[in-house]
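First the structure, in the form of structure tokens, and then the observations on it.
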Protein chains: 2
Amino acid sequence: MKKTLVFLILISTTFNLHAEDGHLLWLRAKSTGKVTIVCFSKSSTIAIAKQELEQSWQGKNGAKLLLTIKKSKAIKGDGFKISENEIQANTELGILYGAYELLRRQQTGEAIQNEICNPSYERRILNHWDNLDGSVERGYAGKSIFWHDMEKGYAVTDNDRILWKEYARANASIGINGAVLNNVNSSKLMLTTECLQKVKAISEVMRPYGIKTYLSVKFSSPTLIGGLKTSDPLNSEVIKWWKDKAKEIHKIIPDFGGFLIKANSEGEPGPQDFGRTHADGANMLADVVKPYGGIIMWRAFVYEINSKDRAAQAYNEFMPLDGQFRDNVIIQVKNGPVDFQPREPFNPLFGAMKKTSVMPELQITQEYLGHSEQLVYLAKMWEEFLKSDTHQEGVGSTVARTTDASIFPQKHTAIAGVANIGLDTNWCGHHFAQSNWYAFGRMAWNNQITSEKIADEWLKLTFYPIEEKDSKVSDWKKNFLEPVKQLMLESHEAAVNYSMPLGLHHIFAGLNNTHYGPGPWFGPKGIRSDWTAAYYHKADASGIGFDRTEKGSGAVNQYHEPLKSQFENIETCPEIYLLWFHHLPWDYKMKNERILWDELCYTYDKGVKEVREFQKIWDKAQPYIDEQRFFEVQSKLRRQSRDAQIWKDGCLLYFQQFSKRPIPFDIERPVYNLDYLSKTDLTDYLK
Amino acid sequence: MKKTLVFLILISTTFNLHAEDGHLLWLRAKSTGKVTIVCFSKSSTIAIAKQELEQSWQGKNGAKLLLTIKKSKAIKGDGFKISENEIQANTELGILYGAYELLRRQQTGEAIQNEICNPSYERRILNHWDNLDGSVERGYAGKSIFWHDMEKGYAVTDNDRILWKEYARANASIGINGAVLNNVNSSKLMLTTECLQKVKAISEVMRPYGIKTYLSVKFSSPTLIGGLKTSDPLNSEVIKWWKDKAKEIHKIIPDFGGFLIKANSEGEPGPQDFGRTHADGANMLADVVKPYGGIIMWRAFVYEINSKDRAAQAYNEFMPLDGQFRDNVIIQVKNGPVDFQPREPFNPLFGAMKKTSVMPELQITQEYLGHSEQLVYLAKMWEEFLKSDTHQEGVGSTVARTTDASIFPQKHTAIAGVANIGLDTNWCGHHFAQSNWYAFGRMAWNNQITSEKIADEWLKLTFYPIEEKDSKVSDWKKNFLEPVKQLMLESHEAAVNYSMPLGLHHIFAGLNNTHYGPGPWFGPKGIRSDWTAAYYHKADASGIGFDRTEKGSGAVNQYHEPLKSQFENIETCPEIYLLWFHHLPWDYKMKNERILWDELCYTYDKGVKEVREFQKIWDKAQPYIDEQRFFEVQSKLRRQSRDAQIWKDGCLLYFQQFSKRPIPFDIERPVYNLDYLSKTDLTDYLK
């Protein structure tokens, strides 16, 4: 009843279809009544909480709200308890999170009862792959919000501070409490004093919002900027250099969070350069930041040149080190064993490393999922991942539970998301890409939340008309919310269907390293084999797919039973992972009786049709959306529709060279020629 | 019985799916038996006839065939009588035509009885819009077969002669007996002695095949190359200059056919520059060529800058001159009143000029119909045109009959087609564009023939497997001939549907003057209004279409009753011409109860779907087609499918700005953005 009431109040009092540019993200609500806030603590964080509540209050007009900081065992970390009249927390930040939760529930019509909300992970961190020259690796929303052209140096303007504040606020509103400010492929300049002064300025703006600052650093910094002859982690001068550097940093940024390291991966320096292990390297740095409460996030994204099976490598390299890491080291593992593909099974390191903290790394920016051109709601994929059962400690050992300390004793827990944020007015390039930022925060806070609930929240917050306008309002849920939510929830599967279905992976465009569009043909002369597409799809006259069974690479052995047998056995292997684990003949019979080749054709085609359906859904919803965002999303959906077709045509025509079979005749024919597609960089094609 | 037999012989003895490049056109047959030719005449033309019969004979092995030149009243001009054992004709050329007809029937399985075949028109002429620098205006099949880069001058090589011979043979095989060797926008150099020497070389190769040479000339030649101060047609020096030139030409080219003139049109000089009429100009030249049996083809393609209704202009300008032209002048009139649009009603001059010879000008090259990128079988459109009833002399006064001397006394009859031929290996750029060349010849010979019969003939001649291969042969008719013929017959209507349906016209791309793809938005600042698209579609908030009723431009008055009333009355106006004659509100109710806007949407969409269906038909027929031609056509059909979508998207999105109505939701949404399409030259897009 209350739910309905709040929603009705919203409906009857707010409706506005004036243009919105998306800059306000999900924080568009204006207060519809007065509230008196009572709080006996004072701080910049509490002040923010009060201001937010006052300016966006949509509860009872004239209500009183108590903010109470009081230790409670039931409340963990920066968690909180909310009711209609009170927010209680252990920390000021808990109060702020409670305030945002209360406002969110008011706006979305969710019940507000006596309820405790605790975070799933201690550290909920955005990784910005921002370079110091302002560019953003795999960024599709404009230049860096932190770094400018080198010519401008590290100067900080008022506009910078305004933007960082908006950024910090948006993060805090969804529970994000940390940001790695620079690319994992880091610059040696990051640790120079000049550069750290800029980090200081950023951290000062973010601190009241509870956002801790982290940095990616080059493992060889002692040599590169310290003038040392080595960066060997066991060398005492090296250790001293790092200790001094940590001291310097913490003097400037007292709440500095720690380092993120990409070491011995894709050419980055690391301890192996000096005959040391990942553990040697990580532990040395861990000791260095320990006095300041810092952590080391050490990435497990490693793979050898031309290895037999890249998917098996992280496990092979890190499992032997389990138990050797300090308790303030967290191994940061990408969700899948290869590299943020549209669909991968979970990385077998999850649950397997029982004596080491492991944190998931998700990619919010859509490197392999259509950049900011395509509408792909990633929460659905992350939900699939977090709920994957590793079976490592019996049924129910989900990835979520193996990383949030529910099962293993972990001193620190964390989750990272590679940000999709840039200087674009709407922050993310695509209005719907905002939903992925939002969803990452919500899932980092609560790894059991459903992607559907997040979509529902986000749509209400982001698109609900702000001011009343006309009678159409009563149709909004039926004609906008429900169909568009459905679109979001289907969007990831559609992207898988039109790009890499049935377990296919790493067949994206390699030309110009764009990773945009299809590239099953990619493999220029002289390139390392594990960067070619054929390495992964292995299409030939006999069939298609990567054999990772015992007879193949054996990577299936890295999974705990019963998964190992399930994946190994063609009868029980889920068809969504079919070609991930098996190389199968073109006429292999699928469960629906179709042969594999036909199923591939129908699946690509299905993906195309799904995007066409998305276009219809969006166009039908036009009366309920403000003009600017309607047309911007409409335009991107058009491109996505073309892109889906390009994927279908490119992949089917390429694989047809091996299958030597016709595309079933009830399927629409390709409209692009393979020759053209394989020679063209489609990133900017027909934008 | 005999039909079947011949066909079966073909089937059982010839089948070959080896690559063919299309260079042989419809002349691929090899003899399957011996024939003894008996002929008492000797000449190069007769020698050709004998050679053709011997090398392609598919009749009874060991047969005897008599070639008889004997005057017969029943046989007209270069007509002939054929039976299994004899070809009889008035002329050597008639024998050659009879030979080709006999061979065609043998190959296609058509009955060969005692039958007289007479040509509908005396002169069956290709107009080559070839420039002396080797470029071809509106040519989409490579450079000119007659003219080379200016740097090469007018040199003639053996390869040139081989090509011209192949060209002449192809023309003769379908009854074409004339060629205008250069562009109607002619060069002043055409009449220089050097240039005429090259024409001599060409005419010598073509003469045995009965192809007469004609030239386009600049009306101002006396001034431009003759050094005279005027080109006034009534000036005696000018007349003398032309007489001398004609004498010179006929000395070099004894069977020279005459001149084609584009005068006072699109900036070309003409008699009006000197205050004279078209009749003054044409008659002067007619008198000049008369002694040599020459004719003057005077184009009626005229329109004033910014006129109120360009469609009305040719009629307005030429009708007052009816009766004033010499009997060796023929007014060459484009089929429609505007300019070779995908669909136009016939030009009202047909049938209206009762005392003047009028000849149709058709466009074989696909200037407005997808260049050589799209498969559009034009014979269907030409058939519609030729069978249009002008009602000028009662029911049955079809365009065909008003131009072939069936109704009016005409000393000369003729028909012209603007060629689609160039140096491309397959002559026409698109394998199916050959069918339009073929069809033009067949219709010029017989203006009552159906487009279906021509398609049937052409497909059999062009695609029938040459050598036996396997059992698939027996399915050829069912699986190739019938579906592909259907494709051809539907292709023109499909092109109309996806480009300019319901009477829309002249809304093609103007950017770079390509005339390729949609351009309803075309209208750069300062351009003359009748070159903009809006001049023709007149879309605005109130509706769309060109009002040519009495309340509008009144152009409808140029048609004879009952057409005039039929077109004037919205209830009786054929919907295919609806927006040609009427400006109608967006919610105008169509006969199927849809509103006009919706019908426009459904029609564009239908066009897209039709092309997609063509792709399926072609792909299904793959086993019955040689590889090279299969893939080349498949590739072009893919582009056509994209092009159809571009047309649909561009036009619907453009017009939607005025209609302010949604595209019905059971229609697939646009995938291109208007902004992009309106700024992009799509000619070479994704070739």
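Within every chain, numbering begins at 1; the chains are lettered A, B, ... in the order of the sequence lines, protein sequences first and strands thereafter.
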Atom pair CD (A/Q634) and CG (B/N673), whose distance is rounded to the nearest 0.5 Å: 7.5 Å
Backbone of B/V671 reached by a side-chain donor or acceptor of A/R642 within 3.5 Å: yes
Under 4.5 Å from a heavy atom of chain A, the part of B/I667 involved: backbone
Flag side-chain contact, heavy atom, 4.5 Å: B/R638 against A/R669: no
Side-chain donor or acceptor of A/Q615 paired with backbone N/O of B/P670 under 3.5 Å: yes
Interface moiety of B/I617 toward chain A, non-hydrogen atoms closer than 4.5 Å: neither
Under 4.5 Å from any heavy atom of chain A - which part of B/D675: neither
Portion of A/D649 that has a non-hydrogen atom of chain B nearer than 4.5 angstrom: neither
Enclosure of B/K606 NZ (heavy-atom neighbours >12, cutoff 6.0 Å): no
